[in-house]
Undergrad: 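This is the structure, below, for whatever I ask next.
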Amino acid sequence: MNLAYYPGCSGLGTSREYERSTRAACTALGVKLTDIPDWSCCGSTPAHALEHALSGALSARNLVGAAKVGCDTVATPCPSCLSNLKTARHRMADDGFRAKVGRLLDQPAEKLADLPDVQSVLETLVTRVGLDAIRAKVRQPLAGLRVAPYYGCIMTRPADVMRFDDPENPTSMDDLLTALGAEVVPFPYKVECCGASYGVTRRDIVARLSGRLLGAARDAGAHAVVVACPLCQMNLDLRQTQVEWPGGRAVDMPVFYFTQLLGRALGVPDAELGLEQLCVDPAIAFRRAAQAVAARQAEEAALAAKAAAKAAQAKQAASANEGGRA
Amino acid sequence: MDVTNLESVRDDDFIHAVMEESGQDLTHCYQCGNCTAGCPCGFAYDIQVSQIMRNLQAGRKDKVLNSRSIWLCLSCSSCTTRCPNNIDVARVMDVLRHIARREGRVAERGVTTFWDAFLASVRKHGRVYELGVVANYVARTGRVWTDIDLLPRIAPKGKLSPMPHGIQGRDEIARIFQRYEEERTR
Amino acid sequence: MPVLKGKELRVVGFLCNWCSYGGADTAGVGRFSQPTDLRIIRVPCSGRVDPMFVVKALLGGADGVLVSGCHPRDCHYSQGNFYARRRLETLKTFLPALGIDPDRFQYTWVSASEGQRWKNVVSTFVEKVHQLGHAPRIEEAAPYLPLAEKGDTLPAPLRPLAWPAAGTLTASLEQLREKIRAALPELDCVIGWQQGFDALHATPLFMRKPEDVDKLTWGPLNVHNLATYLPQFKNRKVGVVVKGCDSRSVIELLQEKLVEPDNVRVFGMACEGVVDVERVRKAMEPAEGAACTDVAPAAVAVEGDGLAFEGDTPVRLKLADVVAEKCRTCDTPVPLLGDVVEGNASAPAGPGPDAPPSLEALDAMTPEQRRGFWRAQMDRCLRCYACRNACPMCVCRDHCIAESRDPHWTTQEGNVREKLQFQVIHALHLAGRCTECGECQRACPVNIPVLALKQWMNRSVLTLFDYRAGVDVNAVPPLLAFAVEEKNIKEHGL
Amino acid sequence: MRIGVFVCHCGSNIGGTVDVPGVAQVARAYPDVVFSSDTMYACSEPGQAAIVDAIREHALDGVVVASCTPRMHEPTFRRTVERAGLNRYMFEMANIREHVSWIGKDREANSNKAAELVRMAVEKLRLNAPLYPKSFDVTKRVLVIGGGVAGIQAALDCADGGIEVVLVERESTIGGKMAKLDKTFPTVDCSSCILGPKMVDVSQHPNIRLYAHAEVEKIGGYVGNFKVDVRRKATYVDWELCTGCGLCMEKCPSKKSPDAFNEHVGVTTSINIPFPQAIPKKAIIDPTSCRQFVKGKCGVCAKVCPTGAIRYDMEDQVVTEEVGAIITATGYDLFDYTRYAEYGGGRYPDVITSLQYERLLSASGPTGGHVKRPSDGKEPKTVVFIQCVGSRDRSVDRPYCSGFCCMYTAKQAVLTKDHIPDSRSYVFYMDIRANGKMYEEFTRRAMEEYGVQYVRGRVSMIVPQGDKYLVRGVDTLLGEQVEVPADLVVLAVGAESSHGAPQLAEKLRISYDNYGFFMESHCKLRPVETNTAGVYLAGACQGPKDIPSSVGQGSAAAAKVLGLFSRGRLESDPQISQVDVRRCVGCGKCITTCPYGAIEWMELRGEMKARVIETVCQGCGICTVTCPQGAIQLQHFTDNQILAEVNALCLS
């Protein structure tokens with residue numbers, strides 16, 4: 001199985017750390033990624049909001065490119081790209097649509113009939129590498145780290161196009177993080193929208209939606225939010241200062257890409273994971289985790305001590321009796 | 001509020017156009033409201049999505065195409081996922097945007113301006129140049145203070161590339177847009 | 001009363017009483033206007049619709065026939081439409097063999113509540129029929145005989161043929177005689193071959209006494225399929241000598257319980273192919289005009305890959321040039337059951353299945369040519385029923401519906417329509433049963449290639465149900481069974 | 001033959017677009033037609049009289065009526081000709097209304113078509129033969145499958161009607177879903193108070209034999225003479241000895257067995273009697289949790305049982321019963337709400353089904369009738385009811401309305417107020433379907449007297465928030481998104497066909513729809529009959545139903561059975577297949593294809609021939625097509641009769 005890799009534009013900019021950590025993690029797990037030569041933008045929302053065929057054409061160009069280098073599957077970290085590529089491929093089944101796209105690409109439509117399959121890097125990792133293999137490779141478990149897994153709204157939806165995990169309650173990232181030793185908090189907003197690309201044009205929308213997500217993570221007692229989407233990450237991390245915190249109580253909530261935590265657990269140096277490129281200091285999360293661990297150990301120690309004391313007492317009492325009898 | 005004459009507001013061609021382009025059967029909607037119930041952006045809508053659907057059934061073209069809602073839809077697919085009648089509502093919203101754009105009706109200029117800036121960047125470089133897009137957007141809207149507060153947060157992270165990442169196939173992409181425009185004008 | 005005007009066509013409908021007839025009623029109650037061409041015959045179930053009704057109608061001048069039943073799973077009789085689906089689909093694939101446009105026949109499912117759907121079905125179908133126009137009558141087709149000379153069968157393209165190569169199977173006649181002598185005591189009789197009225201003709205031999213066994217012959221002249229005689233020996237212990245192809249007929253007879261396994265003893269001989277006597281005669285014909293009997297040879301001997309004919313003019317023929325049609329595509333030279341004399345173990349398999357010559361020729365024709373072809377052939381048919389009498393699977397014998405008045409499927413009129421109707425009945429009755437032993441064609445005194453119809457039918461059955469007759473004693477013939485979801489049948493859009 | 005033709009105007013229904021007198025006149029020229037006339041209303045009193053007179057006056061021995069569809073009036077006219085002394089099968093109809101006058105305006109084409117249809121009818125009639133129904137004995141016992149309220153009603157009515165009843169119930173007690181309900185709408189009377197007595201009657205009725213914890217395994221035979229194999233599943237308790245004292249339950253050490261009767265709200269003992277009013281009130285062991293079976297040692301119940309009824313080595317047992325009719329009352333099951341991940345998919349302890357809530361409300365339930373949250377046992381103050389969970393929802397392949405959810409939800413909301421006066425209930429609904437006597441009034445009361453908050457709209461998702469659940473929905477009437485912080489959420493789960501229904505349908509040879517509900521003969525006019533003679537339907541197995549209609553159908557089915565049995569012997573339809581032994585070569589193809597096993601071998605002078613079992617044959621004619629000799633012919637639809645019609649159309 002030849003895996004083509006489609007980084008997506010933001011990987012060259014605001015989500016460099018996602019891009020870096022993805023490659024680092026894949027290398028660590030021995031997943032070979034073939035870059036699609038001279039890949040281009042999928043058009044994202046602006047394209048499909050303008051014309052489906054245009055969006056289809058921009059996406060298809062890359063799938064054709066992947067096929068050219070002999071790949072049968074394309075993996076991309078970005079759900080927005082994922083959604084566009086998958087939707088394009090899905091709609092190619094329709095002759096009319098295929099013809100239209102063919103015209104835009106100035107290519108015979110039949111060439112578009114059988115394009116490579118598309119999947120998210122997350123899917124690649126959990127289905128092709130497998131949790132057991134990953135668990136086996138974990139060097140430093142994320143002990144004590146309580147995380148809220150946030151998948152974003154389009155990673156699994158609409159179900160008939162995405163065909164991955166449960167559209168309402170996905171669990172693949174939960175399982176992955178658990179495998180890494182992290183503690184996953186129940187997070188009801190796994191697929192609730194963060195406000196997407198409206199940060200620039202309608203800050204109020206993002207402020208409210210992302211605020212709700214961060215608030216929920218806070219209330220669930222999470223040390224950090226873990227995401228799989230550049231846009232979500234930007235909204236939750238970079239714009240964290242802009243959001244409306246429910247109840248007005250703001251906290252510092254680090255927002256990781258799941259690949260960063262994966263890399264870290266696999267023992268990849270932080271430098272290669274771009275942790276320093278996160279806006280909210282990731283150290284906060286790890287500090288909280290450490291504290292949690294310490295607290296738990298203290299607790300256990302205390303309990304142990306108590307038990308010991310009790311035993312000693314009993315012993316004393318016993319020997320006292322002995323003495324008495326003597 | 002004025003009385004609505006259902007006969008005179010009904011535009012059947014519009015209904016058929018939407019059904020045709022979206023491949024969705026609007027008559028399947030029985031107004032349970034689940035799309036509205038789950039819509040994350042409902043609070044910002046001027047017409048709730050379920051009412052958009054209702055207005056579509058009534059063939060009220062102007063009401064629908066002039067709404068702000070169709071531009072604020074985040075394409076998150078909650079509506080599609082939860083529709084008990086398997087209607088791809090998100091796709092219908094998409095199609096409404098297409099039709100509105102074709103007729104030059106845009107109730108949320110800011111949004112389309114940003115999208116146009118985005119696509120312009122793609123057309124020019126083959127890939128999106130983030131700084132370029134924002135700059136372009138600011139230039140077109142004159143909203144100079146957009147996200148200025150974020151600059152100190154993002155700048156030191158060395159993520160924003162100062163230069164666009166152009167690709168060899170640039171003109172290829174440009175031609176796609178060209179052909180798209182020709183098709184459209186035709 | 002005005003007579004029917006040209007604008008209407010003759011469209012016959014067979015509707016099941018419970019669903020489709022009700023659906024048609026519903027359409028009427030709903031006042032859904034429909035074309036007036038259709039005439040509806042009410043039957044209890046689509047499973048009651050005999051494909052031969054459809055043929056009868058189409059040969060009788062109907063321009064279109066429509067059958068409609070309950071939707072699969074909704075059959076009032078729970079299974080009728082499943083059987084109907086197989087029978088009617090088989091028929092649909094067969095019609096082209098007669099040069100009838102399969103679009104003139106359609107079957108579909110309409111429930112009693114689907115008035116609107118019924119209207120659509122009728123409108124679409126009748127419109128289709130109107131596009132096709134009046135159905136050309138076969139008896140009016142221009143005769144088409146792609147024949148070299150009269151009396152010849154179809155021009156079989158004589159490809160170079162490795163098989164059969166005489167001598168490759170050194171099956172020993174003596175071995176066979178031994179086996180038979182040994183078994184004779186507990187058998188009423190053993191059927192084999194002996195030399196006929198001349199050296200060129202073998203004829204069936206019924207061995208009852210050990211000395212009869214000496215008359216037994218073996219060789220390329222043993223053309224008869226002796227399995228044909230078995231049913232007459234019902235309830236009696238009988239032995240039969242079979243070639244590879246004949247053995248398939250025995251299997252079929254066993255499968256249909258037309259002979260009892262305990263009463264039949266099969267002696268098999270690995271076969272090297274048999275001749276087509278007609279071809280031999282032709283090959284030997286010395287001069288123009290000489291009658292066939294003139295060339296009867298005094299003796300025939302197998303020599304290597306050929307036959308040597310002694311007589312006033314000795315002739316040597318390559319077996320490959322005069323071999324019977326069926327041998328060209330034979331893939332079972334060695335009998336599939338019974339006490340087989342293998343002979344040479346290194347028996348080469350047959351040439352394998354490639355289209356039989358007659359079928360190939362039929363395929364090559366246009367529908368119009370096929371109509372003309374059958375018209376011409378049926379003109380020559382004497383209606384002697386030799387084809388039927390020679391057929392090992394025609395077990396109805398004197399109960400054959402071809403001659404019965406109740407049911408009265410064919411009249412005694414000597415016209416093309418009635419003759420062809422019989423050939424179709426034969427083919428339909430053999431659907432999923434015929435082993436292509438070719439006796440029907442061999443027996444035909446005027447050499448009508450009737451085998452082609454069965455070959456066409458077998459091809460349909462193979463593609464529809466991937467089933468081949470006479471291979472497995474325990475198989476269920478496809479037309480006596482059904483599948484709720486048919487793998488190779490896709491419902492026709494109506 | 002002397003045939004009479006009567007062409008009907010049906011007022012203007014036919015006369016309007018068909019030249020009726022013209023058709024009658026043409027018909028006169030048809031072979032064997034000696035009389036032909038048009039008539040205004042053939043089915044009317046004078047119309048029928050005219051036919052009778054004509055038959056007598058012209059000594060007709062066959063009649064063709066050209067009018068409406070035979071599906072409408074064939075029986076009518078058959079009686080008519082019979083009155084005139086003809087055999088009822090010496091009659092044919094030509095459908096010139098539904099198939100001619102109503103579907104086309106072209107008078108000329110219509111008249112032609114009508115004339116030809118008459119011609120076809122005449123040609124067929126010429127080959128018709130008088131047929132006489134055979135009669136056969138009936139086993140006057142009935143099998144009732146399913147001991148829910150519908151089955152109970154059917155069983156009791158039959159038993160009171162004086163016939164023996166075999167009642168088979170899958171669970172260890174009868175009562176079905178109704179036994180699990182607390183109260184019933186619209187009268188809010190106690191479910192077990194009204195059902196209990198009926199259940200007792202069943203157990204005490206001399207005419208009823210009850211097999212609980214049993215299933216129908218095999219069904220053979222035909223109307224009047226069915227043979228049924230019933231598998232009595234092992235209970236590991238000898239019910240002859242068990243007195244239902246319940247001592248074993250008190251002492252049973254494994255108390256973590258799933259409590260199916262209480263819809264898995266809480267747990268129960270491995271050996272138990274589902275509920276106090278159970279019928280039969282007998283203990284049964286759940287081998288999946290019982291220590292004796294799981295660990296191989298325990299035996300407490302065996303020790304304590306005063307009558308020594310425990311049998312750990314008990315095995316299933318199959319009994320055979322002979323009955324003349326079968327009533328299926330297998331009821332329904334609940335939609336699996338965990339398919340709605342947005343409602344927690346079963347992850348939220350305080351999001352429960354309506355039937356679980358019934359158990360919480362019920363005094364005989366796990367909480368003794370005190371409404372407590374499963375999670376923390378707290379009394380909920382805000383309860384949200386969500387309707388149409390698994391109803392009217394194409395996305396989960398449940399497009400149909402389950403019918404009774406609107407009403408039981410209203411009832412549960414009312415009861416909630418009764419149990420917890422300071423509580424508030426919200427009901428998210430799409431439409432309120434309250435079309436029954438006193439139903440609408442009841443839902444109104446829920447709103448007006450009990451202050452139940454009805455919100456028109458679906459719920460999008462349920463989100464845990466602290467120890468509450470945020471219910472996010474819409475009020476489509478306000479046109480706004482709304483949310484309610486709830487303590488307890490009750491899902492009004494829809495009804496689906498009882499599990500195993502399709503398999504049972506196959507055994508019964510009755511058809512079922514895409515959702516596994518059994519098909520009735522006619523949705524309006526034969527609602528409790530099936531297309532298999534002698535098999536009847538009662539209750540929700542035919543489609544979701546509330547208690548009144550289930551009971552109604554139970555009685556209806558019983559009435560059908562009593563009617564069937566009221567005749568000493570049954571008449572079989574003579575339109576069945578018949579073998580001409582002279583033509584039959586005994587190939588057995590017909591035997592292979594008959595869907596009813598209605599054809600058997602028989603020996604005739606040493607030869608095997610086919611023989612039709614007249615009472616089993618349903619007259620489909622599959623065999624007639626299968627037989628190469630045409631030796632087996634379906635009477636009244638013989639090859640020749642159909643050929644005559646074909647020829648009338650094509651060769652003429």
Side-chain angles (χ1 to χ4, degrees), chain C residues 1-5 8 10 12 17-18 21-22 24-25 27-29 31-36 39-45 47-51 53 56-57 60-62 73-80 83 87 235 256-258 395-397 399-401 404 406-409 429 476 480-481, chain D residues 19 22-23 25-26 69-71 95 97-100 102-106 108-113 115-117 120 509 511 519 531 575 582-583 585 587-589 592-593 595-596 606 618-622 624-626 628-631 633-634 637-640 642-643 645-647 649-651:
Chain C
M1 197 71 172
V3 291
L4 190 66
K5 288 205 299 214
E8 259 187 7
R10 181 62 69 207
V12 184
N17 173 56
W18 302 98
Y21 196 93
D25 287 349
V29 173
R31 307 295 200 280
F32 299 143
S33 70
Q34 303 156 42
T36 49
R39 308 285 186 263
I40 294 174
I41 296 176
R42 175 169 163 242
V43 292
C45 174
R48 172 65 187 94
V49 180
D50 194 318
F53 288 136
K56 190 83 181 168
R73 287 172 182 285
D74 286 352
C75 176
H76 180 84
Y77 303 102
S78 79
Q79 299 176 357
Y83 285 106
R87 294 163 175 166
N235 306 331
E256 299 189 13
K257 317 233 174 349
L258 296 165
V395 293
C396 312
R397 300 293 163 207
H399 297 320
C400 174
I401 62 175
S404 92
D406 185 3
H408 201 193
W409 283 100
H429 278 180
V476 183
L480 298 187
Chain D
D19 171 9
V23 174
Q25 188 200 337
V26 175
T69 171
R71 286 162 58 90
N95 182 347
R97 193 177 72 177
E98 285 81 354
H99 292 187
V100 180
W102 276 354
I103 61 169
K105 300 250 167 300
D106 181 334
E108 185 185 23
N110 282 356
S111 306
N112 274 316
K113 186 172 177 181
E116 288 196 19
L117 293 184
M120 282 165 58
R509 287 213 209 83
S511 39
M519 297 288 286
N531 286 338
Q575 297 181 71
R582 283 164 301 132
R583 299 187 63 78
V585 301
C587 67
K589 294 187 178 64
T592 322
T593 52
Y596 299 94
Q618 300 287 315
C620 60
I622 294 173
T624 310
V625 183
T626 313
Q629 302 88 298
Q633 291 287 335
L634 175 60
F637 290 97
T638 62
D639 285 342
N640 279 3
I642 298 176
L643 277 169
E645 295 179 273
V646 175
N647 293 340
L649 279 177
C650 298
L651 298 180

Undergrad: Who among C/Pro35, C/Ser404, C/Cys75 has the most heavy-atom pairs with chain D under 4.5 Å?
TA: C/Ser404
Undergrad: Kindly compute the distance separating OG1 (D/Thr69) from CD (D/Glu98), expressed to the nearest 0.5 Å.
TA: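 CD of D/Glu98 is found 5.0 Å from OG1 of D/Thr69.
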Undergrad: Heavy atoms only, distances under 4.5 angstrom: which of C/Pro44, C/Cys45, C/Pro51, C/Gly80 has the most pairs with chain D? Name it, please.
TA: C/Pro44
Undergrad: Let me know if D/Leu634 has heavy atoms under 4.5 Å from chain C in its side chain, its backbone, both or neither.
TA: side chain
Undergrad: Relative to chain D, which of C/Glu256, C/Arg87, C/Lys257 shows the most heavy atom pairs under 4.5 Å?
TA: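 The option with the most such pairs is C/Arg87.
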Undergrad: On a heavy-atom basis, which atom in C/Phe53 and which in D/Val646 lie closest, and how many Å separate them?
TA: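 Closest approach of C/Phe53 to D/Val646: O-CG1, 4.4 Å.
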Undergrad: Quick check on C/Phe32 against chain D: is it the side chain, the backbone, both or neither that has a heavy atom closer than 4.5 Å?
TA: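 Just the backbone, heavy atoms under 4.5 Å.
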Undergrad: Between C/Arg42 and chain D, which part of the residue has a heavy atom less than 4.5 Å away: side chain, backbone, both or neither?
TA: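 Both parts, heavy atoms under 4.5 Å.
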Undergrad: Check this for me, if you would: do D/Arg97 and C/Asp25 make a salt bridge, where the nitrogen-to-carboxylate-oxygen distance has to be below 4.0 angstrom?
TA: no
Undergrad: Please determine, among D/Gly630, D/Pro628, D/Pro595, D/Gly621, the option with the most heavy-atom pairs under 4.5 Å with chain C.
TA: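 It is D/Pro628.
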Undergrad: In terms of heavy-atom pairs under 4.5 Å, which option from D/Thr624, D/Thr638, D/Val100 contacts chain C the most?
TA: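 Sorted descending by pairs with chain C, the first entry is D/Thr624.
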Undergrad: Looking at CD of D/Gln629 and NZ of D/Lys589, how far apart are the two atoms once the value is rounded to the nearest 0.5 Å?
TA: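 D/Gln629 CD to D/Lys589 NZ: 7.0 Å, rounded to 0.5 Å.
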Undergrad: Checking C/Ile401 against chain D: side chain, backbone, both or neither under 4.5 Å from a heavy atom?
TA: both
Undergrad: With a 4.5 angstrom heavy-atom cut-off, which part of C/His429 approaches chain D: side chain, backbone, both or neither?
TA: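 When you check distances to chain D, only side chain atoms of C/His429 fall under 4.5 Å.
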Undergrad: Is the shortest heavy-atom distance from the side chain of D/Ile103 to the side chain of D/Lys113 under 4.5 Å?
TA: yes
Undergrad: Can you tell me which portion of D/Leu117 sits under 4.5 Å from chain C's heavy atoms? Options are side chain, backbone, both or neither.
TA: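 Only the side chain of D/Leu117 comes within 4.5 Å of chain C.
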Undergrad: Just verifying a value: how many Å separate D/Tyr596 OH and D/Gln618 CD, rounded to the nearest 0.5 Å?
TA: 5.0 Å
Undergrad: Of the backbone (N, CA, C, O) and the side chain (C-beta and beyond), which part of D/Thr593 lies under 4.5 Å from a heavy atom of chain C, both, or neither?
TA: both
Undergrad: With rounding to the nearest 0.5 Å, note down the distance linking CG in D/Asp19 to CG in D/Asn112.
TA: 10.0 Å
Undergrad: What pairs with C/His76 under side chain to side chain contact (heavy atoms under 4.5 Å, CB included), at least two apart in sequence or on another chain?
TA: C/Trp18, D/Asn531
Undergrad: Is it the side chain or the backbone of D/Gln575 that comes within 4.5 Å of chain C heavy atoms, both, or neither?
TA: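 For D/Gln575, there is no contact with chain C at all, as no heavy atom is under 4.5 Å.
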Undergrad: Going by the rule side chain to side chain contact (heavy atoms under 4.5 Å, CB included), which residues pair with C/Thr36 if we only count those two or more places apart in sequence or in a different chain?
TA: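 Checked C/Thr36 against side chain to side chain contact (heavy atoms under 4.5 Å, CB included); matches are C/Glu8, D/Ala109, D/Asn110.
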